[in-house]
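Here the structure is laid out as structure tokens; the discussion comes afterwards.
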Amino acid sequence: MRTLIKDAASKAGEEVELKGWVDSRRDHGKLIFIDIRDRSGKIQAVALPNHKEIHEICGFLRPEGVIKATGKINLRPENMINKNEANGTVELEITAIEVLSAAKDIPFESDAEINIDTYLDYLPYTLRREKARAVFKTQSVIARSFRNFFSGEEFVEIQAPKLIGDDAEGGANSFDVGYFGHTAHLAQSPQFYKQIMVGVFERVFTIGNVYRAEKHSTTRHLNEYTSMDIEMGFIKDHSDIMAMENSFLKSLEETLRKECAGEFELLEAEIPVVPDRIPAMTLREAQSLITKETGNDCTAEPDLEPEHERWLCAYAKEKLGSDFIFITGFPTSKRPFYTYRDEKDPAYTKGFDLLFRGVEITTGSQRIHDYDDLVSSIREKGLDPEKFAFYLQAFKYGMPPHGGFGMGLERLTQKMFNLPNVKEAALFPRDINRIDRLLSTD
Ligand code: AMO
């Protein structure tokens, strides 16, 4: 029966069968050392010269080959103990070995310094690296925390379609798809469907892929990303949504401390401390502050530039002791038609962005729930309400005051670990030049 490597240290003196990958091999002539890796950890195995056949097989093994190794767990001699490793006090003395799958030559050593293009060219291999595994294991914990937290708050998980008739966000950045002689689009967000489902369940969430035909290449844009979305009914205003997101982030912090401390240590990153109340300021307040402190007048701009986001995050960290900051009160002209307007000043919306360690990770808002107001808002944006007739039915038949947010899973993961590029936080990133392989340039 297979023993998982994490359980090997407690089996000193026992015979075990391990299955895994050859993480590395060190050939010392008489002794051949093999680090075996499985999903639970790593252990050193040794092939002694008196086991001739095993010694020979181990001599040919290449890194990443898959093996079944049987043998005895021995305590290491005192001078061989490595206190920094989980299994540093033991090693497997191999008495039988079977190669389940031989590996060809690896393109470079697993700890070689490589640039991002090489990393992306060899993803099936580079994703096996310790750091990449730590990033994506944590990403899975983040997605699970999101699911658990919102399920616990009585949100129903929904699956939103990815093939849609018209683009939900009203922008130009949607991908066209040939659809039985028609043109369909890849969904840029589950926006319309999550709103429609508020009419059904009051509270819904979804985690799914969305598509943005961004033609530029930056360190924060992907053409396909994972959006974690919620939508909830019977809110007072957008501050209820911000409070809900704040609570989620607090529960996420707790889970990461419990489950991912080792991953953060490996990547030399800090788990952010989430305040009970994340600081918030309006766009106008933020712009006056930036203008006053940097001398760079941005008060006439309708949105924040990336450099402003970075500056505000540095300010929030230094002066307000928070890695997060909410920015509210964006102008109506810059927000999608479904965004609720501030009754006191309709040129501004009841929406927000959440910035984290220099980048926007969330957009959210209260939505317009009155049918006539929504139709007017569509018209004011120069769009044709007829094109939105399907979605508008939800509002014809009664919708509560509601709102929600969308959060990019990859950006959140990127910033958790302070990775330089969001592509390092997407398993198989798509960008303008690449779908797995570089796209041909002719
Ligand atoms: P928005 O378009 O601002 O809002 O997107 C929400 C969040 O999604 C992430 N994001 C991206 N991540 C990687 N690559 C991209 N190209 C990219 N574009 C966006 C960011 C961003 O904050 N329907 C609204 C949400 C809502 O109001 O509920 C929406 O999609 O983290």
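Order of listing sets the numbers, starting from 1, for every ligand and every atom in it. Quantities reported herein were computed from a predicted structural model and do not represent experimental measurements.
- How far CD1 of Ile361 is from CD of Glu309: 11.0 Å, rounded to the nearest 0.5 Å.
- Of all the heavy atoms of His221, the ones lying under 4.0 Å from any atom of ligand 1 are found in both the backbone and the side chain.
- Remark: of the listed residues Glu254, Glu253, Glu259, Glu253 is the sole one forming a salt bridge (charged side-chain N to carboxylate O under 4.0 Å, His left out) with Arg257.
- Under 4.0 Å from ligand 1, the heavy atoms of Thr362 that appear belong solely to its backbone.
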Output a table of donor-acceptor pairs, distance under 3.5 Å, between side-chain atoms of residues 266-280 and any protein atom two or more places apart or on a different chain; print 'none' if there are none.
from, atom 1, to, atom 2, distance (Å)
Asp276, OD1, Lys250, NZ, 2.8

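- Remark: ligand 1 and Gly406 share an N or O pair separated by less than 3.5 Å (distance only, no angle test).
- In this structure, Gly364 is part of the shell of residues with a heavy atom less than 4.0 angstrom from ligand 1.
- We find the CG-CZ distance between Leu127 and Arg133 to be 10.5 Å, quoted to the nearest 0.5 Å.
- At least one heavy atom of Lys194 sits less than 4.0 Å from an atom of ligand 1.
- With a heavy-atom cut-off of 4.0 Å, Tyr338 touches ligand 1 through its side chain alone.
- With distances taken over non-hydrogen atoms, the option nearest atom 28 (O) of ligand 1 out of Arg367, Glu231, Gln366 is Arg367.
- The parts of Glu360 lying near ligand 1 are both backbone and side chain, judged by heavy-atom distances below 4.0 Å.
- Between the choices Arg220, Glu410, Gln195, the shortest heavy-atom distance to atom 13 (C) of ligand 1 belongs to Arg220.
- Of all heavy-atom pairs spanning Thr255 and Ser145, the tightest one is CG2-OG, 3.5 Å.
- At least one heavy atom of Ile361 sits less than 4.0 Å from an atom of ligand 1.
- The pair Arg357-Asp323 meets the salt-bridge criterion, since a charged nitrogen lies less than 4.0 angstrom from a carboxylate oxygen.
- Between Arg129 and Glu109 no salt bridge is recorded (no basic side-chain N to carboxylate O distance below 4.0 Å).
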